[in-house]
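Each remark here refers to the structure printed beneath this line.
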Amino acid sequence: MSEESTTEPPPSGTGDRSDPPAAPPAGADAPRAVPESERRPSGVEEDGPVSESDALRSLKEGTATDDAERSEAQKAGAIADLIARRLNADASGTRIGTLALFNDTVSFGGGFHSGGSAGRASARGGGSVLPLTAAELADHTDLFVPPEGYDSTLDTLRERRLLVLTGPSGSGREATAVNLLAEALVLSGAEGGGVCHRLLDPAAVLAPDWEPPVKNSGFLALVEDGPAGARDFAALPRRLHAVVAALRAHGCHLVLTGGQDLGVTVRGDGGESVPTHALAPVDPLAVLERRVLGHGGTREDRTRLRAELASGGVVDTLREMPAARHAARLAADIAAGRDVAVAAAALRDPSDQVRTWFDRHRNPEAVAFALAAAVLEDSGYLTVAEAAVKLRAALATPETAPPDVRFRDRLGDEQQWIRLDADGFGPPRVRFRNAMLGQVVLVYAWTGLDGWREPLLSWLRRLLDHGDLEVRARAAVAAGVLAWADHHYAVHRFLTTWAAGTSWPLRQAAATALGVAGSRDDSAEAVWALLHGWARGGSSARQRRLAGTAANTAGGLLGRTAPGRAVAVLHAALDRDDDWGTLPSVAWGGVHLLHQGQAGPLLDAYLEWSEPQDLSPMVVKSLSAFLFATTRPYEAVADGLVDGVPGVPLLLSGLPAHRRAVGELWARSLARRPMQDTALLALRDWIDVYADEGGPRTLDALGGLLQDIARRPGSHRERLVWWLNKWAHDRERPSPNAARLHRHLTRTT
């Protein structure tokens with residue numbers, strides 16, 4: 001590359017442009033700032049190609065708003081990449097679209113003192129009843145593990161004759177109710193030991209003339225989960241005295257059991273007199289152990305069983321799915337001689353869990369919170385709840401007053417797969433018990449709830465404008481998860497619109513979503529093809545923004561795993577004849593690629609693209625992108641991929657790992673304008689600002705780099721010596737570091 005000296009022309013009669021200067025350079029040759037009158041207003045979009053001067057000025061200066069917006073978007077992208085990497089680490093084995101629905105109902109299998117009436121429903125005046133068979137009762141009572149507070153609850157039932165027992169589906173509430181009734185009948189001395197009946201029409205007990213259809217019996221009333229089933233019992237507080245009197249008169253006991261809605265309903269006006277009990281969770285491992293070993297079993301038996309459960313994944317499964325019904329199912333698998341590891345894996349499969357849950361829960365309130373948790377998992381409860389309320393409003397019939405929504409109260413009932421974790425003194429965090437559930441929930445809702453797809457997408461788009469940076473990042477990741485389900489639909493429905501938008505954060509969201517979508521083997525090729533198509537597009541403002549988004553995407557999560565393909569996208573976006581409008585986006589894409597730990601492939605590409613060392617557009621663009629990377633301080637993120645120094649450009653803190661490539665690119669940039677002015681300003685920042693922040697050895701590493709540059713043929717040594725001396729003796733801002741480097745350079749070269 002021929003050089004343009006930064007000094008005055010050499011004395012007459014000398015033809016060596018590498019000679020050291022005899023006098024300071026003319027003012028016009030010093031690093032120059034662009035006059036205010038030449039600057040284009042911020043935010044102006046052009047339809048045609050952007051000129052070289054405009055692109056370099058934009059890259060060099062930008063605006064305070066642009067820098068803050070892009071820096072914030074870069075942080076959001078880094079957070080999103082971290083979340084996406086964790087998702088992919090947990091995503092092996094997920095089965096979307098081949099959902100197998102298992103029968104997760106807990107059956108009543110037997111009887112206890114049936115009195116010979118098993119299997120025949122009775123429909124006497126108090127409503128239809130069905131006696132429990134001996135096998136059903138034995139199944140519930142023989143190996144029963146009583147929950148906390150069982151004895152006091154039994155006392156309440158014996159004293160009051162009626163009990164409202166609430167708990168989540170599958171928690172063992174039916175088994176607990178049967179045991180309470182059986183023991184209450186025995187302790188009350190009911191004739192013949194009493195008979196347990198299932199009341200087929202639970203709401204019949206509220207009729208004005210209701211009487212127990214069978215004397216000296218226990219009645220189990222299973223109330224349908226949800227507000228509709230519970231609504232029938234709003235009158236229980238008013239009818240309580242009459243119902244209890246009828247039970248006493250006939251020597252009977254009644255347990256109404258259902259979900260949280262039943263408990264809330266009966267505690268309405270006057271409900272303080274209704275005897276209620278919320279079932280405490282039972283240790284599922286204790287349930288499984290009791291069902292496998294019975295009441296006996298030696299210590300060795302228990303130790304061996306626990307080891308088998310741990311090695312087969314059963315312990316982890318029950319930690320994620322702690323309902324008693326799951327323990328009972330696994331115990332049955334063990335008793336039948338089936339492979340416990342296979343059984344646990346089948347039970348744990350997130351696709352099955354999601355399909356089963358959506359089959360049971362269709363109300364907007366439950367679905368809205370599940371989707372908000374899926375998008376914003378690991379966020380604070382209030383953040384998730386606020387987002388869920390807004391999504392619920394989009395899914396439900398408009399209301400005139402704010403709804404009485406209490407998501408937290410329903411977590412243990414409708415949302416058993418979600419838990420609230422208190423981390424230290426901070427707010428509780430919303431997390432799924434299985435790390436894969438969130439993405440499966442999103443995909444199921446996106447592909448299965450056809451009528452809700454539009455409001456779901458609109459809600460997700462609004463989250464991208466949220467004031468919380470992490471919310472925006474998680475929403476972008478969620479968009480990428482949706483693109484897994486149907487890449488073609490996502491590209492044409494929302495990703496292209498976002499990628500071509502005029503808002504940088506929105507384009508960053510599209511880049512993040514594409515990075516997530518392309519991180520899966522089954523969609524990677526389609527995403528890369530899309531990016532190459534955008535990068536090679538036309539020169540209109542919209543096509544230029546698409547090319548910029550492609551460059552930004554290539555520098556993210558995708559670039560970490562396929563740096564060669566990422567560099568090819570950057571090249572296609574940069575090599576666009578006289579169109580310079582993609583230069584800022586490619587430069588940012590290069591910075592992102594550095595932060596993904598791919599400095600080597602990026603620097604090699606810059607070296608290749610600038611190899612002609614002339615003033616061709618590709619050479620100037622490549623070196624400009626390199627210089628931009630030298631000026632961007634590293635912003636550390638959790639679980640970062642590079643060991644950088646926060647606040648210091650990676651290309652400086654990473655010396656001498658890439659010293660040869662960095663030195664050659666610096667030499668090419670310092671050799672002539674238009675890069676020379678920018679290079680000198682950037683080099684002084686390295687010397688005066690970042691060298692001290694990088695640690696005690698950074699200045700020495702920088703000295704070694706300058707020494708490498710000075711050894712190259714041409715005017716490199718003279719140029720460096722002159723500028724170091726000038727900066728060392730600058731009247732307004734003298735530089736001790738420049739003086740030290742000047743002494744080092746003049747002694748060793």
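One-based numbering along the sequence shown.
- Between Arg355 and Asp352 there is no salt bridge, since no side-chain nitrogen of the basic residue lies less than 4.0 Å from a carboxylate oxygen of the acidic one.
- A donor-acceptor pair is defined here as one N or O able to donate and one able to accept, closer than 3.5 Å; such a pair exists between the side chain of Arg453 and the backbone of Trp446.
- Put simply, the side chain of Phe219 reaches to within 4.5 Å of the side chain of Pro213, judged on heavy atoms.
- A donor-acceptor pair is defined here as one N or O able to donate and one able to accept, closer than 3.5 Å; no such pair exists between the side chain of Ser217 and the backbone of Cys196.
- Side-chain atoms of Arg239 come within 3.5 Å of backbone atoms of Leu206 as a donor-acceptor pair (strictly under, hydrogens ignored).
- Remark: side-chain polar atoms of Arg362 are paired, donor with acceptor, to backbone N or O of Phe358 under 3.5 angstrom.
- Glu300 has no carboxylate O lying under 4.0 Å from a charged side-chain N of Arg304, or vice versa, which leaves the two without a salt bridge.
- Between Gln260 and Thr166 the shortest side-chain heavy-atom distance does not fall below 4.5 Å.
- Summarising the geometry of Leu460 relative to Ala478, their closest heavy-atom pair is CD1-CB, 4.0 Å, with the distance given to 0.1 Å.
- No side-chain N or O of Thr176 forms a donor-acceptor pair with one of Asn179 less than 3.5 Å apart.
- At least one donor-acceptor pair closer than 3.5 Å links the side chain of Thr156 to the backbone N or O of Ser152.
- Remark: His295 NE2 is packed, more than 12 non-hydrogen atoms of other residues, nucleotides or ligands lying under 6.0 Å away.
- A donor-acceptor contact shorter than 3.5 Å is absent between the side chain of Glu289 and the backbone of Arg302.
- Between Glu320 and Arg348, at least one side-chain N (NZ, or NE/NH1/NH2) sits under 4.0 Å from a carboxylate O, which counts as a salt bridge.
- In this structure the side chain of Ile334 reaches within 4.5 angstrom of the side chain of Leu309, judged on heavy atoms.
- Between Ser188 and His253 there is a side-chain heavy-atom pair separated by less than 4.5 Å.
- When all heavy atoms of Pro146 and Phe144 are compared, the pair lying nearest together is CA-CE2, 3.4 Å.
- Without hydrogens or angle criteria, Arg173 side chain to Gly167 main chain gives a donor-acceptor distance under 3.5 Å.
- What you find for Val195 and Pro131 is that their closest heavy atoms are CG1-CB, 4.3 Å.
- Side-chain atoms of Val516 and Trp484, non-hydrogen and from C-beta on, do get closer than 4.5 Å to each other.
- Panel note: side chain His250, backbone Ala246; a donor-acceptor pair is recorded below 3.5 Å.
- Ring orientation note: the planes of Tyr381 and Phe369 are tilted relative to one another, at an angle of 30° to 60°.
- Between Arg306 and Asp301 there is no salt bridge, since no side-chain N of the basic residue sits under 4.0 Å from a carboxylate O of the acidic one.
- Between the Asp333 side chain and the Ala343 main chain, no donor and acceptor come within less than 3.5 Å of each other.
- Arg392 is linked by a side-chain hydrogen bond (donor to acceptor under 3.5 Å, both in side chains) to Glu399, counting only residues two or more places apart in sequence or in another chain.
- Counting only heavy atoms from C-beta outward, the side chains of Glu365 and Val367 never approach each other to under 4.5 Å.
- For the pair Ser128 and Asp201, the minimum side-chain heavy-atom distance is 4.5 Å or more.
- A distance-only check finds no donor-acceptor pair linking the side chain of Arg419 to the backbone of Val430 [under 3.5 Å].
- Contact check on Arg431 versus Asp378 returns a salt bridge, with a Lys/Arg side-chain nitrogen under 4.0 Å from an Asp/Glu carboxylate oxygen.
- In this structure, Arg433 fails the cation-pi test against Trp417, since its NZ or CZ atom is not both closer than 6.0 Å to the six-membered ring centre and inside 45 degrees of the ring normal.
- More than 12 heavy atoms of other residues, nucleotides or ligands sit less than 6.0 Å from atom CG of Asp522.
- Considering only heavy atoms from C-beta on, Val214 comes within 4.5 Å of His197 through its side chain.
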